[in-house]
Amino acid sequence: MKIATFNVNGVNGRLPVLLRWLGESAPDIVCLQELKAPQERFPLTAIRDAGYGAIWHGQKSWNGVAILARGTDPVERRRSLPGDPEDSHSRYIEAMVGDIVVGCLYLPNGNPAPGPKFDYKLRWFDRLTKHAKKLFAAKEPVVLAGDYNVMPTDLDVYKPERWRDDALFRPEVRSAYAKLIRQGWTDALRELHPDEKIYTFWDYFRNAYARDAGLRIDHLLLNAPLAARLKAAQVDRDVRGWEKASDHAPTWIELADKKRAARKRVVKR
DNA sequence: ATGGCTACGATACGTAGA
């Protein structure tokens, strides 16, 4: 079972990249962010033809999130975070895929900081953390995957000094991420690669990808039942080098099959 | 520190991204 997250930066502009990657990587579940398309402009036919069912929450020009599942339709549970009915951004969608709860999120960027956008980011983060607490307590396997717009530690930034005052790296935001993790979530990439430099995003500016001037901001958080099954976690970084690439690369985990529940059995002789 | 690039729109610059 392979679960991926990919900030596509425009699902229609990026459709050839998305379809090629789906074909090569064959993930079972995919969380997409930054669709940048209104609800009616989601390329459902092409995605179905690639073998995936989908649910999505679009928005004109910005934001937008989707969950894809290979060979099945995700069953939607919610399409926004609780806690602010006035929030008009499409940044969260949640579904069941089989017996797994999948939360797909696009946390606000928050620049410039300080300011109203940064305040919105912190409020949104707080709503996510409250919701995550309930999800973590559930018995079902849960993954919270997406673009968190946070580098959790210095190891996750090519040049930490340069990013200290940025909304993606300020102390308030890193501490919000740490608080979320303290509920018990496993940061899958970091769990399997504790000391490795891993990036999921490279700026379009300044030849950042060629210089490997990257950030690790796309994360997959697992609750205990899923963390126990974690086998592999990687970034498809070559996708960032493709023609018309997103500035993010697909990031994914591989899970061991669910253990069969011990079954009472009558042995006949 | 600045500026560099890319996508999206009542298609030409303005807004947003990170």
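Letters go in sequence order (proteins before strands), and every chain restarts at 1.
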Discussion item. Quiz question: going by heavy-atom distance under 3.5 Å, is there a donor-acceptor pair between the base of B:dT6 and the side chain of A:R240?
Written reply: no
Worksheet entry | Integer angstrom distance from the P of B:dA1 to that of B:dA12 | 37 Å
Worksheet item: Any idea which of B:dG9, B:dT6, B:dG4 is nearest the A:F205 side chain?
Response: B:dG4
Worksheet item: Near DNA chain B, which residues from residues 35-42 of chain A have a heavy atom under 4.0 Å away?
Response: A:K36
Worksheet item: Taking the hydrophobic residues Ile, Leu, Val, Met, Phe, Trp and Tyr, and joining any pair whose side-chain heavy atoms are under 4.5 Å apart, which ones share a cluster with A:L155?
Response: none
Item to complete: Could you tell me the separation between the CG atom of A:D147 and the P atom of B:dA7, rounded to a whole number of Å?
Response: 17 Å
Worksheet entry | 5' priority, DNA chain B, between A:N9 and A:N111 [closest heavy atom] | A:N9
Worksheet item: Mind checking whether A:Y209 and A:W202 have ring centres under 6.0 Å apart?
Response: yes
Worksheet entry | Rounded distance in Å - NZ (A:K117) to P (B:dA16) | 4 Å
Worksheet item: B:dG4 P sits how many Å from A:R206 CZ, rounded?
Response: 10 Å
Item to complete: May I have the distance from A:Q59 (atom CD) to B:dG17 (atom C1'), rounded to whole angstrom?
Response: 14 Å
Worksheet item: Between A:Y177 and A:H219, does the ring centre distance come in under 6.0 Å?
Response: yes
Worksheet entry | Among B:dC5, B:dA10, B:dT15, the nucleotide that comes nearest once only the side chain of A:W62 is considered | B:dT15
Worksheet item: According to the ring-ring contact (aromatic ring centres under 6.0 Å, His included) rule, which pairs have a member within residues 52-77 of chain A, sequence neighbours left out?
Response: A:F42-A:W56
Worksheet item: Of the nucleotides B:dG17, B:dG3, B:dC8, which has the atom closest to the A:E34 side chain?
Response: B:dG17
Item to complete: Find the distance A:L168:CG to B:dG17:P and express it as a whole number of Å.
Response: 10 Å
Worksheet item: Atom NZ of A:K60 to atom P of B:dA7: distance rounded to whole Å?
Response: 19 Å
Worksheet item: Roughly how many Å is it from CD in A:E243 to P in B:dA7, rounded to a whole number?
Response: 11 Å
